[in-house]
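Owing to the predicted nature of the structure, the values given are computational and were not obtained by experimental measurement.
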Amino acid sequence: MNPDVAAGQSPLRRGIARRSVLRGLGTGALAAGAGGALAACTAGGKGAQAASATGTITLGYISPFTGSLSGFASGDKFVIDTIRSTPAYQNGFTVGGRKYRVDIVVTDSGSDPNRASQLARQLILNSNVDLLLTSSTPETVNPVAVVAQTEGVPCLATNDPWESWYGGLGGNPARPTMTLQYCTLFFFGLKEFQGCFVPMWNAVPASSKNVACQYPNDADGNAFRAVFEPLIKASGYKPVDGGAYTDGTTDYTTMISSFKAADAQYLSNCPLPPDFNIFWKQAHQQGWKPKLATVAKVLLFPADTVALGPLVNNIATDSWWGPYMPFKSALDGTSASALANDFQAQTGRQWVQSIGGTYALFEIAHQALTSVSDPHNKQEVANAIHNVNYSGMAGSLNFTNGPAPGVVASPVIGVQWKASTGKYPFEMKVVDNTQNKAVKIEADLQPTNA
């Protein structure tokens with residue numbers, strides 16, 4: 001078996017011997033616990049009896065539970081606890097006529113790409129995972145996928161725009177012919193952003209059709225600059241690029257001045273959440289108030305609204321999951337609405353849209369692993385994921401017919417943060433359903449700044 005990248009391209013394996021990147025990590029058991037250590041739990045609960053390695057399927061999960069991107073993982077503990085309690089995971093998977101216990105090993109990348117890469121290696125070497133699952137932005141997902149592809153271990157990812165993921169692994173999103181033999185991803189891409197944001201821009205006419213582009217010099221920013229700016233032009237708008245700034249920048253005066261000088265009336269961006277908080281406050285202080293702000297990677301979760309308070313009102317963003325989605329679990333039939341309600345009841349916190357994608361990771365793992373003859377055969381499992389086609393908590397996902405090999409591009413809807421008189425100060429309300437008419441409009445689309 002040749003674990004090189006298919007289609008004649010092997011940028012992730014060239015000159016690297018099998019498991020060579022794992023040297024020096026040791027083979028001792030990793031401590032269980034929080035804060036980045038591996039937390040190995042059997043899906044069946046604490047009372048489950050130990051089984052031989054051949055009777056256990058091990059899933060490794062890597063997500064940013066702490067650090068600047070922790071909002072993306074704020075619902076992950078709830079989801080994993082929920083998954084472990086489903087009959088499929090509690091009772092084990094039947095594969096090739098044999099019953100297997102399922103272990104889920106949960107790790108925290110700390111929002112650090114180097115840490116994410118290290119954890120992937122540890123899970124492969126120390127936990128001998130059968131499948132890596134990962135979520136939440138290129139800073140975590142991409143380094144995990146690089147290690148998985150290099151070492152020939154199946155990896156399924158979500159919550160990372162597919163162009164950022166595909167380009168980060170050596171592919172060309174403009175000509176997506178390269179197949180990543182072991183890696184797959186489901187999430188939306190920049191054309192889905194276009195289909196979400198442009199209809200909202202069209203619905204809120206302004207004094208110009210200039211779009212301020214706040215794109216950093218990172219995987220997401222470079223993908224937006226290369227792919228989304230041409231899509232902006234093709235939609236009849238003019239991108240005004242604020243420059244490829246460094247993540248962690250604290251002074252955006254020059255960028256804001258360029259947006260003001262260009263009379264940019266719309267905002268497109270993909271910054272780190274702390275960076276956007278600084279930028280948006282400075283923009284308000286310096287008098288730049290675009291007619292409609294449509295943001296990405298930020299203000300996706302309720303906790304993100306706290307730092308901005310009233311400045312968040314009527315900022316628009318994308319939504320890939322919510323209680324308004326007509327989706328149901330493929331594991332036990334739970335509806336999206338019921339899952340969101342369960343989250344709020346169990347955590348006391350407002351629902352977060354990331355729980356849908358995280359849940360779907362484990363649905364797909366079940367779909368793929370129960371379709372093979374040997375769950376420890378890495379190539380067979382990888383092939384099975386590439387052929388998954390099902391409907392579940394994240395809607396219909398078909399890995400055989402995406403924009404790139406091994407990719408599913410999911411549709412998104414337009415939402416705005418609206419001030420609430422209820423339990424929570426702001427609520428995400430559906431204002432545009434161009435890409436999914438089955439979702440009901442909940443509120444009128446209004447200018448961010450009148």
Side-chain angles (χ1 to χ4, degrees), residues 19 21-22 25-66 70 72-73 75-86 88-93 95 100-112 114-136 140-141 143-148 151-159 182-183 357-366 368-369 375-376 378 381-382 385:
R19 300 197 185 274
V21 295
L22 304 179
L25 289 175
T27 58
L30 294 168
L38 297 185
C41 295
T42 301
K46 295 180 180 178
Q49 296 298 311
S52 66
T54 56
T56 302
I57 292 170
T58 304
L59 307 179
Y61 181 65
I62 304 175
S63 190
F65 288 88
T66 59
S70 60
F72 286 88
D76 284 2
K77 182 183 183 301
F78 160 82
V79 171
I80 292 167
D81 288 344
T82 299
I83 289 292
R84 284 177 174 143
S85 68
T86 61
Y89 277 82
Q90 200 166 50
N91 298 331
F93 294 177
V95 183
Y100 289 82
R101 190 183 74 173
V102 182
D103 282 351
I104 303 173
V105 185
V106 181
T107 66
D108 173 21
S109 72
S111 303
D112 180 350
N114 293 326
R115 175 67 174 159
S117 180
Q118 180 186 44
L119 287 171
R121 294 180 180 118
Q122 290 175 339
L123 286 166
I124 293 169
L125 177 65
N126 296 357
S127 299
N128 195 28
V129 293
D130 298 295
L131 171 61
L132 283 169
L133 305 175
T134 183
S135 176
S136 302
T140 291
V141 170
V144 172
V146 167
V147 171
E151 296 305 315
V153 175
C155 179
L156 173 64
T158 192
N159 216 335
Y182 293 96
C183 295
T358 302
Y359 191 105
L361 284 172
F362 293 91
E363 288 181 318
I364 297 165
H366 176 257
L369 286 162
H376 305 313
K378 304 296 194 291
V381 173
I385 299 173

Problem - Verdict with supporting geometry, T58 and N128, side-chain contact (heavy atoms from CB on, under 4.5 Å) - result: CA-CA 7 Å; T58 304; N128 195 28; over 6 Å; no
Do [X] and [Y] have side-chain heavy atoms sitting under 4.5 Å apart?
X: P375; Y: Y100; result: yes
X: I57; Y: V95; result: yes
X: L131; Y: I385; result: yes
X: F362; Y: I104; result: yes
X: L119; Y: V144; result: no
X: V153; Y: Y182; result: no
X: Y89; Y: L59; result: yes

I need the minimum non-hydrogen distance between [X] and [Y], along with the two atoms involved.
X: P154; Y: K378; answer: CG-O, 3.3 Å
X: S63; Y: S136; answer: OG-OG, 4.0 Å
X: R84; Y: V106; answer: NH2-CG2, 3.8 Å
X: S135; Y: N159; answer: OG-CB, 3.4 Å
X: S117; Y: V147; answer: OG-CG2, 3.4 Å
X: L132; Y: A120; answer: CD1-CB, 4.3 Å

Any sub-3.5 Å donor-acceptor pair from [X]'s side-chain atoms to [Y]'s backbone N or O?
X: T134; Y: I62; value: yes
X: Y61; Y: I80; value: no
X: T86; Y: I83; value: yes
X: S111; Y: T66; value: yes

Exercise for the section: Find the distance between CZ (R101) and OG1 (T56) and round it off to the nearest 0.5 Å. Expected result: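 So the gap between those two atoms works out to 4.0 Å.
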Exercise for the section: Can you measure from CZ (F72) to OG1 (T358) and round to the nearest 0.5 angstrom? Expected result: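 So the CZ of F72 and the OG1 of T358 are separated by 11.0 Å.
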Exercise for the section: Consider only side-chain N and O atoms of Q118 and R121, and report whether a donor and an acceptor are under 3.5 Å apart. Expected result: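 No pair is found: no donor N or O on one side chain lies under 3.5 Å from an acceptor on the other.
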